[in-house]
Every structure is written in C-alpha cells, then in structure tokens.
**Student:** 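Quick one: structure below, then a few questions.
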Amino acid sequence: MKIATYNVNGIGARLPVLLRWLREAKPDVVCLQELKAPQERFPAEALQQEGYHAVWHGQKSWNGVAILARGAEPKLTRRGLPGDPEDEQSRYIEATVKEVLIGCLYLPNGNPAPGPKFDYKLQWFERLSAHAHELLSSGVPVILAGDYNVIPTDLDAYKPERLIDDALFRPATRSAFHALLAQGWTDAVRTTYPSDRVYTFWDYFRNAFDRDAGMRIDHLLLSPQLVSRLVTAGVDRNVRGWEKTSDHAPVWIELTDDPA
DNA sequence: ATGTCTGCAAGGTGCAGA
C-alpha cells in the first residue's frame, strides 16, 4: 500500500501534472494540499477517470486539502480540526481508507515571524497536537500526512543558518514538531533515511531546484501500529522538474498490506 | 531585499500569499 502527500500549489493549474504523476506513480492513497479552489471547482470527474475517489475541503483562493484513494471510497471522518469553530481556513481533512485513518493537513506557513500569522501557526499546531493525541489514544492505525511547513532539523534544509528567523525553522516551530513526535509518532522518511539530505520543496526563486537548494517540510507521521509495516519511502524529485510544476514534490511511503 | 509562481477582481495589471 503506497501512501503519498503532495502540495500541488493550485489544483486548477496543476491538473495535468497531477494526472501524469498519478498514472506513473500509482499511489493507493494521496493527500493533497493547497488546492486553491472552492469546493465546487474540485476536478472530481477527471480524477475518477484515473481511478481515484476523493473527499475534499475546498476554499476560494487559498488552502484546500483532499484525500484520494485508488479504487476505493475514502470514508470521511472529519473536515477541519477541532478546537476553534471560528477558524475558516480549509487545512485539515480526515478519512479512513482500508482500515487506516488518514489525516491530511496543511499547517500554516506563519511568515513573517514574529506576528499574527506566526501566532496562528502555533495555535493551529496546538490544535493539531491535541487532536493527534486523541487519535493515538483511539488505538486505530493513523497516518498524519501533509505540508507541515516545518523544517525539523539542520539536516532538512540547504542553508539552515539563513533560516533562523523563518517561521518554518524558528525554535518554537521545531519544538512543537518534536513535541508532536514525542507523543509516539514516527517520521517515516527520516526513519528510512536517518542521515541523508532529503528535500521535498524547492523555491521557485533563484533556480533553487537546479542548485538543490531545498528543504524537507512535507512529512508522513505514523502511529505505532504502522511502524513495523513501513517498507520504504521516497520523494518523486523528477516531478519537480516538469513544466508547470508545483514547488513541492510528491513524498510517499510503502506499507505492507496487512498487519504483521 | 531579492526572486517566481497562483488565483482573484478587475479589466488587459496589480494584489496577497507562499
């Protein structure tokens, strides 16, 4: 079972790239972020023709998340994170696919920091951590996948020393991420590649991809029941080199089909 | 500070957000 996360940066502009990647990579489950499309403009039919059923949480102009499943209907369990009924931003969707609970998230960027956007990031992170703790307590196998907008360690960025004040790397951001992991979650890509540089995002600016000036900010966290089922993980870097591509690349893991 | 994209409301360009 192959599960991927991919920040598409606008599903309208990115549909040809998304469909080509689905055809080539054949993931079973896909978490998408940054749809930048309202609920009624999600390309459900085009995805269905590729064999994918979907649940999604759209928003005009910004944000937006979706979960796709190949040959199966994702069973929606929640839209939006609990903890703030005033929050209008579409950044979380959750569904069950083949007995695994999939949480698809788009954590706020938070720049410029400090400031109200950074405050919102940290508040959203607290709500995510509270919900993640509930999910662990439920005893169900869970994957929390998405664009965390977190660079976990120095190894995860091209020049970390330049990112001291960046909302993706500030101490408060990193400590929130490490506290989340400490609940009992496993960072699947870092576990698979303990000391390699693995990037998932390259800025559109200054030929960042050609210079491999990237960062690792898209993550798949596994609940304890799933760790022994982790076979391998990877980043489809080549997709970042395609025409009209996102600034993120798809990130994926492979799990054994059944509990050991 | 810079750089480059997307989507939007206009309106054939400029804005916010990333």
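We name chains A, B, ... by the order of the sequence lines, and we start the count at 1 in each one. For clarity, every value in this text was computed on a predicted model and none was experimentally measured.
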**Student:** Between dG7(B) and dT2(B), how far apart are the P atoms? Round to whole Å, please.
**Tutor:** 25 Å
**Student:** Is Asp257(A) salt-bridged to Arg229(A), going by a charged N under 4.0 Å from an acidic O?
**Tutor:** no
**Student:** Sticking with atom C1', work out how far dG3(B) lies from dG17(B), rounded to a whole angstrom.
**Tutor:** 15 Å
**Student:** Taking any atom closer than 4.0 angstrom to a non-hydrogen atom of chain A, what span of DNA chain B does the protein reach, first nucleotide to last?
**Tutor:** dT2(B) to dA18(B)
**Student:** Please state the C1' separation for the pair dA1(B) and dT6(B) - nearest whole angstrom.
**Tutor:** 22 Å
**Student:** Can you tell me how far P in dA10(B) sits from the matching atom in dC15(B), rounded to whole Å?
**Tutor:** 15 Å
**Student:** With DNA chain B as reference, determine whether Leu35(A) or Asp203(A) sits nearer its 5' end, using the nearest nucleotide of each.
**Tutor:** Asp203(A)
**Student:** Considering only Ile, Leu, Val, Met, Phe, Trp and Tyr, and joining two whenever side-chain heavy atoms are under 4.5 Å apart, list the other residues clustered with Val150(A).
**Tutor:** Leu81(A), Tyr92(A), Leu101(A), Leu105(A), Leu107(A), Tyr120(A), Trp124(A), Phe125(A), Leu128(A), Leu135(A), Leu136(A), Val140(A), Val142(A), Leu144(A), Tyr148(A), Phe177(A), Leu180(A), Leu181(A), Trp185(A), Leu221(A)
**Student:** On DNA chain B, check which nucleotide each of Tyr106(A) and Asn9(A) is closest to and give me the residue with the more 5' one.
**Tutor:** Asn9(A)
**Student:** Determine the interatomic distance between C1' on dA18(B) and the same-named atom on dG12(B); round to the nearest Å.
**Tutor:** 25 Å
**Student:** Look at the side chain of Thr191(A) and the backbone N and O of Asp187(A), then say whether any donor-acceptor pair between them is shorter than 3.5 Å.
**Tutor:** yes
**Student:** Please confirm whether Arg216(A) makes a cation-pi placement over Tyr199(A), using NZ or CZ under 6.0 Å from the six-membered ring centre and within 45° of the ring normal.
**Tutor:** no
**Student:** Of Asp147(A), Leu35(A), Leu32(A), which meets side-chain contact (heavy atoms from CB on, under 4.5 Å) against Asn7(A)?
**Tutor:** Asp147(A)
**Student:** Please check if the side chain of Arg14(A) supplies one atom and the backbone of Lys244(A) the other of a donor-acceptor pair under 3.5 Å.
**Tutor:** yes
